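The analysis underlying the following values was restricted to heavy atoms, covering all of them including side chains, and did not include hydrogens, waters or symmetry mates. All of these numbers come straight from a predicted model, not from anything done at the bench. Residues: numbered from 1 along the sequence shown.
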Amino acid sequence: MGLNSRIIFHLMGLLLLCNGGFMLLAALVSGIYSDGATLDITSAAITTLFIGVSAMYFTRGHKKEVKRKEGYIIVTFGWIVMSISGMLPYLFSGAIPTVTNAFFETVSGYTTTGASILDDIEALPEGILFWRSLTHWIGGMGIIVLAIAILPLLGIGGMQLFAAEAPGPSADKLHPRITDTAKRLWLIYVGYTAAETLLLKLAGMSFFDAINHSLATLSTGGFSTKNLSLAYWNDQPLIQYIVILFMFLAGSNFVLSYFAFKGKVQRVLKDEEFRYYTGFILFFAVVAALVIYFKAEVPVTEYHPKVLGDGESSFRHALFQVIAVITTTGFVTADFTSWTPFLTIFFFGLMFLGGSAGSTAGGIKVMRHVLIIKNGVLEFKRTLHPNAIIPVRYNNKTVQEHIVYNIIGFLILYMLLFITGALVLGALGLDFTTAIGGAASSLGNVGPAFGSLNPLSNFNGLPALGKWWCGFLMLAGRLELFTVLILLTPYFWKRT
């Protein structure tokens, strides 16, 4: 059986149509602000739409069936095609003139990483800034649909377990049909974005800043319209607390939001991953706040607010940065790498945690950590009672053994790719701290890193090959590793 290449190209065309439509929206924003980039963004949109329509026209009459092999190709190449076409507004407008930098910024957007090569964000035209934020938002929604509807069908990284928690025919599931599931999640996603925009506007942000930061928050992306990110509003705590709330929501399972809106609050509170996710955030925030309050030597500048000895400020900055790193949003209110060596290592560790399954957050995901810890603890019992059958339980249900093995495999692969990622960056001339920080940040889709890639800096100083390598890590991390890496194996392409 060969590949159904016609449906692959047909769906690539459909994605390009969507991308082109969003570009027209960015062109409209550009026109409203008369920023001089309207024609360039419109040209990029027309080019993208033309290619998309052509691809769909020449592949009409395709077989409707999508098998597992086609599924892997569609998911990975879909993100690549979106990223390549998403470069056009940057290139046509001259906002980012080189292909390497434009591709890095675009991949960082669609994978909701938030790492940037831009030295002066505020100098960009409004239409380009809006497009930059839209790449986050499009990628974030794509990840939701991917996690809920597609990855479980492909058996990716233990996501079969999530398949049992989300779509399915029983009454307490979200909805039996994938398309209906996607529509409901899209509605929640749009609703949250609108709500945050309104609240940020009421709290003192301009409407343009509010909508851009909402697009970046709900996608757990992290692109800001300000060079200082959220530190620009350090004198307005309410704005930062609003962003904290929506980062928390974006990093939690969107299916739980659906249940909450349906009045099934008990279902949310009983969810094991949600309880661990909330507990981790609160515990780590308190630890960070205490260290900041008593130990952090933070210079008083616009970007480094004085938090030493200030209870509210210490807690706010600790909570903000903990939740921003755990949910892989990547917004910053201060340079957390300057808050004592302990907190530098602390935040590096948090980069490997990740948000909830079924959220827009990147990283390993809380659910996987919980199951690995539970399985590790049970190994002690199995050692004492070798003949006993002691299964791992999650949400009071037995987890099938092959799912546990799948998750163990995912974690091993994740760490191997992190080590390889750091080695490649080291071979390109980066120092130890920068190399491991850049690899962890790119693979976990976090954004800010360490060393010369710290929150005060950006990724522009990376060598060209380093930018392409980090782009690959972002894509692999965002698409749950297996989806991308399986395409690099020879047996995947063998005819069966």
Side-chain angles (χ1 to χ4, degrees), residues 8-60 77-142 207-209 211-212 215-216 219 221 223-225 458-460 464 467-468 471 474-475:
I8 293 171
F9 281 102
H10 194 82
L11 289 173
M12 293 303 112
L14 180 61
L15 287 175
L16 288 171
L17 281 185
C18 294
N19 227 18
F22 280 113
M23 283 181 202
L24 288 176
L25 184 59
L28 176 63
V29 171
S30 178
I32 291 170
Y33 284 93
S34 303
D35 60 11
T38 310
L39 185 59
D40 299 319
I41 300 173
T42 304
S43 300
I46 291 170
T47 303
T48 304
L49 289 168
F50 175 76
I51 298 171
V53 169
S54 300
M56 294 188 77
Y57 177 79
F58 288 112
T59 55
R60 65 193 188 283
F77 280 92
W79 247 263
I80 293 172
V81 164
M82 294 287 275
S83 297
I84 292 171
S85 62
M87 294 193 298
L88 298 182
Y90 297 129
L91 294 172
F92 284 17
S93 67
I96 305 177
T98 66
V99 170
T100 295
N101 281 353
F103 185 75
F104 181 93
E105 196 78 11
T106 313
V107 168
S108 181
Y110 284 113
T111 59
T112 72
T113 303
S116 180
I117 50 81
L118 294 169
D119 292 318
D120 188 1
I121 296 164
E122 293 169 40
L124 293 182
E126 282 83 357
I128 293 295
L129 284 175
F130 186 71
W131 172 244
R132 187 167 170 263
S133 300
L134 268 180
T135 59
H136 267 348
W137 199 72
I138 298 164
M141 188 63 247
F207 178 73
F208 182 75
D209 287 335
I211 184 69
N212 277 277
L215 294 173
S219 61
F223 279 158
S224 175
T225 54
N458 57 41
F459 283 63
N460 196 28
K467 290 171 184 171
W468 287 99
M474 290 177 202
L475 191 67

Are side-chain N/O atoms of [X] and [Y] paired as donor and acceptor at under 3.5 Å?
X    : Y    : result
Y90  : D40  : no
H10  : T59  : yes
N19  : T48  : no
S30  : E126 : no
T100 : W468 : yes

Worksheet entry | Parallel, tilted or perpendicular: rings of W137 and F22 (30°, 60°) | perpendicular

Item to complete: Measure the acute angle between the ring planes of F223 and H136, then classify it against the limits of 30° and 60° as parallel, tilted or perpendicular.
Response: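 F223 and H136: parallel rings.
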
Fill in: F9, CZ atom: more than 12 neighbouring heavy atoms under 6.0 Å
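For F9, atom CZ is not crowded (no more than 12 foreign heavy atoms under 6.0 Å).
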
Worksheet item: Taking everything shown except Y33 itself, do over 12 heavy atoms lie less than 6.0 Å from its OH?
Response: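 Enclosed: over 12 neighbouring heavy atoms sit under 6.0 Å from OH of Y33.
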
Item to complete: Let me see the working for I117 and I96 under side chain to side chain contact (heavy atoms under 4.5 Å, CB included), right down to the final yes or no.
Response: CA-CA 9 Å; I117 50 81; I96 305 177; 4.0 Å; yes

Worksheet entry | Geometric cation-pi criterion R60 and Y57, 6.0 Å radius, 45° cone | yes

Quick one: does [X]'s side chain have a donor or acceptor within less than 3.5 Å of a partner on [Y]'s backbone?
X    : Y    : answer
T112 : G221 : no
T113 : A115 : no
E122 : T225 : no
R132 : N212 : no
N458 : L118 : yes

Worksheet item: Hey, what do you get for CG (L14) to CE (M56), rounding to the nearest 0.5 Å?
Response: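 So the CG of L14 and the CE of M56 are separated by 4.5 Å.
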
Fill in: Separation between CE of M87 and CZ of F104, rounded to the nearest 0.5 Å
14.0 Å

